[in-house]
Structure formats: C-alpha cells, structure tokens
2 protein chains.
Amino acid sequence: MSQQNQIPNINTWIDHLQDESRTALSIDCVIFGYDLDSLKILLINCDMPPHIGKKSLIGDLVRNNESLDDSANRILKDITGLENLHIQQVKAFGDPNRHPLGRVITVAYYSLIKIDDHALIDAENRNLQWIDVNKISTLAFDHLDILHASHNLLKQNVRKHPIGFQLLPKKFTLQELQSLYETILGVSFDKRNFRRKLNAIDILLDLNEMREGLAHRPAKLYSFNQEAFSQKLNKSSFKFEI
Amino acid sequence: MSQQNQIPNINTWIDHLQDESRTALSIDCVIFGYDLDSLKILLINCDMPPHIGKKSLIGDLVRNNESLDDSANRILKDITGLENLHIQQVKAFGDPNRHPLGRVITVAYYSLIKIDDHALIDAENRNLQWIDVNKISTLAFDHLDILHASHNLLKQNVRKHPIGFQLLPKKFTLQELQSLYETILGVSFDKRNFRRKLNAIDILLDLNEMREGLAHRPAKLYSFNQEAFSQKLNKSSFKFEI
DNA sequence: GTTCTTTGTGTCGATTTGACACTATAATTT
DNA sequence: AAATTATAGTGTCAAATCGACACAAAGAAC
C-alpha cells in the first residue's frame with residue numbers, strides 16, 4: 001500500500017529540489033582572537049543595504065558541492081586569508097526576515113586563533129579588523145544574535161576542552177592563562193585556587209623560563225603539554241574542566 | 001573607495017539568490033519518548049531510493065516564509081500529528097553527498113515527549129512508530145549521524161535542565177526518575193546518592209501518595225514542582241545538575 | 001637601598017562525593 | 001497465619017574538592 005503512495009512523494013521532492021522552494025544558504029564565521037586582556041572578533045564592513053555602515057561577520061553564500069565545513073574555510077580564506085582553521089559549527093539561523101534581499105539561511109561557525117600567528121589579508125578591501133567583543137553593540141543583519149550564540153558556545157567549550165591555549169602564545173604565564181579564562185567567561189577566579197586547579201589537571205609543561213624585563217618579580221613560563229593531555233584522555237577518571 | 005567596490009558584490013548576491021546556487025533545505029526531527037526503561041524515537045519508512053526499506057527521521061523540505069522552528073513544528077504536525085512541541089535545534093548537516101536526489105542541507109531538531117500523552121496520526125501512512133534508540137543500527141541518509149548528535153545534545157541538556165520530567169508521568173517514583181536518567185545517559189547511579197542529590201535540589205513535590213498494587217513495598221509518588229524551580233532559578237547560587 | 005609591582009605559595013573549615021548494608025512494607029505463597 | 005519474595009527507603013564515614021584568605025620573594029626603577 002505505502003509503496004504506491006510513495007511515488008508522488010518522490011516526484012514532489014524532485015520538483016521542489018529544482019524550483020523556487022530552494023533557499024539561499026550562507027555561512028557566517030565568528031573568529032575569536034585574544035589580545036592583551038580583551039577578546040576580539042574579526043569584522044568587516046557590511047556592503048549591503050540597508051545595513052551599509054554597520055559591521056558584519058565574515059560570511060558569504062555557500063557554493064554547490066562544498067560541505068558546510070569546507071565552505072566556511074573557503075569563505076574565511078577568501079575574505080581574510082586565514083586557511084585551514086579548526087572550526088566549530090554553532091547552529092543555523094533561519095528567520096525568514098533576517099536578510100534584506102530575501103530568504104537566506106545562514107549557518108554559524110566559530111574559530112579561535114592567536115592574533116599574532118595569522119597575517120590577515122583584507123582581500124575584498126572591506127576594512128577587515130579585530131574588534132573587542134565587549135565593544136560591539138550593533139551588527140548588520142542578525143549578526144549580534146549569532147555572536148551571542150557563538151560566544152555562549154565558546155564559553156561552554158572553553159571550560160571543557162583545552163582550547164584556550166590556542167589564544168595564548170606558546171609560552172605563557174599562569175596569570176596570563178587565568179586572565180584569558182576570566183575574560184572569555186566574564187568571571188573572576190581566586191589566584192591560588194586557579195593555580196591549584198591547573199596543578200591538579202597537570203597538563204602544563206614547566207619550561208623553567210621566566211617572563212623577564214618587567215618591573216617586578218618575573219613569572220614562570222609554561223606551555224600546554226599536548227602529549228600528556230592526550231594520554232590522560234584515555235583514562236576515564238580524567239576530566240578537563242576549568 | 002570601498003563604496004564602489006561594493007556594488008558588484010551586491011549584484012552578485014542578487015544573482016545568486018535567484019539562480020541555481022540556491023540549495024534545498026530540509027528539517028529532520030528526532031522525537032524522543034521514554035517508556036518502560038527504554039528511550040525511543042519516532043521513525044517512519046523512508047520512501048526514497050536508494051534508501052527504501054530503511055527507517056528515517058521525521059523530516060521534509062522547508063517552505064518559503066517559515067522560520068526553521070516553525071517549519072519543524074509544521075512538519076511534525078503533518079507527519080505525526082504532534083503539535084506545538086518544545087523543540088531544540090541541534091545543528092545543520094550539509095555534506096554534499098548526504099542526499100541521493102542532490103544537494104539538500106538539513107537542520108536537525110529534537111524534542112522530548114511523554115509517549116502516552118500524545119496520540120500519533122500517521123497521516124502519510126508511513127508506518128510511524130516508536131523504536132528503541134539502542135536497537136537502531138541503520139537509518140536512511142545520514143540520519144544515524146543526526147540521531148547520535150541529537151542524543152549527545154540531549155545527554156548534555158538533560159543533566160542541566162529539568163527536562164527529563166517531560167518523559168515521565170506527572171506522578172512518578174524516585175526509582176522511575178533514576179531509571180530515566182540512567183537510560184538516557186547510559187550510566188548507573190547509586191540509589192542513595194541519587195536520592196540525596198534530588199533531595200538537595202529540592203524541586204520535587206511529595207504527593208503523599210503511593211504507587212500501589214505491586215508485590216512489594218509501595219513507593220512514594222512525587223511530581224516536578226515547576227513553581228519552586230522557577231523561584232530557585234532567580235537565586236544565583238542555585239544550580240540544577242544531575 | 002628604598003620603593004614599587006606582581007609572583008608564588010599553604011591552610012582551614014565547609015561542602016560534596018563515592019562507597020556501602022540493612023530494615024520496612026506490601027503482595028504472594030504455603 | 002506464617003513464611004517468602006521483591007522493592008522502597010534510609011545514614012555514615014572517609015576522601016576529595018571548594019572557597020576564602022595574607023604574606024614573603026623577586027626584580028626593576030628610582
């Protein structure tokens with residue numbers, strides 16, 4: 001019985017896949033960087049009415065035959081010069097009125113990078129720049145919603161996975177690490193308790209070097225011990241959580 | 001300068017929004033229900049080659065002018081008769097080869113319902129039925145991936161939000177509640193420690209009733225105290241976490 | 001050598017966690 | 001009616017974790 005019912009259904013799909021019921025699809029990327037006690041993201045000038053003059057996230061239309069992940073990296077390369085970033089999908093945004101030119105669904109991604117490690121190429125000449133997350137109060141389209149959703153997901157993930165280290169130089173002090181977590185999470189930690197926790201997790205490598213040249217006692221430098229972390233991951237008792 | 005660069009960019013968009021670079025977009029819903037110690041989801045027969053004979057999630061194409069959330073609820077109503085569910089977006093799936101008829105992006109949603117509270121209407125005569133999550137090893141398309149991502153998100157959310165109660169009858173025993181968490185999370189809890197935790201959270205209403213008629217000591221019945229929970233939410237010290 | 005600034009460190013009490021065993025209650029069986 | 005069976009309900013202890021808290025050490029600047 002159902003076999004016969006199914007044929008019109010397929011034809012309906014084939015029709016729809018070729019007609020106007022298709023939808024424009026874009027990707028928008030929130031690229032987080034960290035610098036001197038502030039969390040920043042990459043923004044460009046929006047070139048689309050009625051949002052001209054506002055800033056927007058790094059985004060463009062998805063092409064046929066590229067996966068969403070591939071598309072995000074292609075768009076990032078095209079607009080910023082950044083290549084092969086480790087990206088994280090956030091979610092899809094699909095309000096019918098979110099885009100002035102018509103129905104455009106967008107899929108949001110975020111990534112974390114060390115600002116100093118990546119040269120930017122403003123290939124489209126759109127005033128590509130780093131802006132402090134806390135100084136952003138308006139953005140084009142629904143990009144402020146996208147930013148908030150991405151930042152919230154980042155907050156969750158940064159506490160459970162050792163991704164914060166991606167935002168610091170390879171060698172960093174414990175104060176710098178604490179500052180990073182405080183900035184991203186918007187909370188403050190007790191210095192001794194923070195160090196106690198990091199010491200317990202035991203995935204930092206003491207480099208026996210100092211951050212020197214400052215007018216006070218020099219701080220010890222550490223690096224993230226990826227190897228130790230990977231080994232600990234196998235043990236079910238191990239949990240990374242800040 | 002950039003003002004002039006921008007005009008071709010807009011025209012490119014306008015072109016693309018109307019040509020073949022648009023993409024088919026669908027929604028797929030994972031509807032979780034819980035019944036007698038097993039977590040189940042709603043599945044229907046897949047009616048599309050080459051996946052005919054397999055089961056699939058509840059899904060269809062998104063229409064113009066409906067938001068993603070609205071679309072999910074419209075599709076659920078059309079295929080299952082379920083209306084106005086509280087739905088949660090999971091993420092978008094966009095592998096170019098995920099669908100046999102061509103490029104179709106899908107956005108996954110999940111929802112939780114009490115099986116007994118909702119009559120199903122198999123409107124498309126597609127053998128709509130509840131299937132035990134642990135007995136599902138193949139599904140059409142990439143629906144197994146979607147199921148796993150949805151189940152993982154459910155695991156996270158069920159521990160942090162009081163949504164598990166949606167899967168139990170209004171009156172339930174502590175053993176039933178424990179069993180629910182054990183089934184969804186795939187872990188087991190110590191009975192006394194579990195009760196101690198629920199007692200500390202203090203959001204259950206002791207109904208002074210018993211689950212009677214069984215050949216052993218009867219268990220006390222509780223219900224979720226939504227009002228107490230809402231009030232506690234205001235206090236920053238309160239945290240729901242199983 | 002005095003001052004300034006930031007680093008680095010330990011303890012105590014409170015809270016939370018995991019592990020663990022026996023009695024209470026009702027239905028059923030004999 | 002007594003014994004059996006099955007599940008409900010309960011408390012303690014030791015270990016681990018958590019939050020709060022203050023001062024000496026190190027180097028640069030003056």
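Computed over heavy atoms, backbone and side chain alike; hydrogens, waters and symmetry mates excluded. In this text, all values refer to a predicted model and were calculated from it rather than measured experimentally. Every chain is numbered from 1, with letters handed out A, B, ... down the list of sequences.
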Whole-Å gap separating P (C:dT9) and NZ (A:Lys197):
19 Å

Supply the atom-to-atom distance B:His86 NE2 to B:Leu112 CG, rounded to the nearest 0.5 angstrom.
9.5 Å

How would you label the contact of B:Glu212 with the nucleic acid (heavy atoms, under 4.0 Å): base, sugar-phosphate, or nothing?
nothing

Is the closest basic N to carboxylate O distance between A:Lys232 and A:Asp202 below 4.0 Å?
yes

Relative to the 5' end of DNA chain D, which residue comes earlier, A:Leu214 or A:Lys191, by the nucleotide with the nearest heavy atom?
A:Lys191

Please work out whether the ring planes of B:Tyr181 and B:Phe194 are parallel, tilted or perpendicular, with thresholds of 30° and 60°.
tilted

Output the rounded distance in Å from CZ (B:Arg211) to P (D:dG9).
11 Å

From D:dA22, C:dT11, C:dT6, nucleotide with atom closest to A:Arg192 side chain
D:dA22

Here's a test of your reading of the structure: between B:Tyr222 and B:Ala215, which maps to the more 5' nucleotide of DNA chain D?
B:Ala215

For B:Phe238 and B:Phe229, take the angle between the two ring planes, folded into 0 to 90°, and tell me which bin it lands in: parallel under 30, tilted 30 to 60, perpendicular over 60.
perpendicular

Result for 5'-nearest mapping on DNA chain C, choosing between A:Lys220 and A:Arg196, is A:Lys220

Rounded interatomic separation in angstrom, taking CG from A:Leu221 and C1' from C:dG8
14 Å

Given atom CZ of B:Phe189 and atom P of D:dA8, what is their separation to the nearest angstrom?
17 Å

Could you state the atom-to-atom distance from CD1 of B:Ile242 to P of C:dT16 in whole Å?
15 Å

Gap between atoms CE and P, on B:Met210 and D:dA8 respectively (whole Å)
12 Å

Please evaluate the base of C:dT6 for a donor-acceptor partner in the side chain of A:Arg217 within a cut-off of under 3.5 Å?
no

5'-most contact on DNA chain C (nearest-nucleotide basis), A:Asp190 vs A:Pro218, goes to A:Pro218

If I take atom CZ in residue B:Arg195 and atom P in nucleotide C:dA19, what distance separates them, rounded to the nearest angstrom?
18 Å

Between P of D:dT7 and CG of B:Asp37, the distance in whole Å
12 Å

Charged N to carboxylate O below 4.0 Å: is that the case for B:Arg74 and B:Asp78?
yes

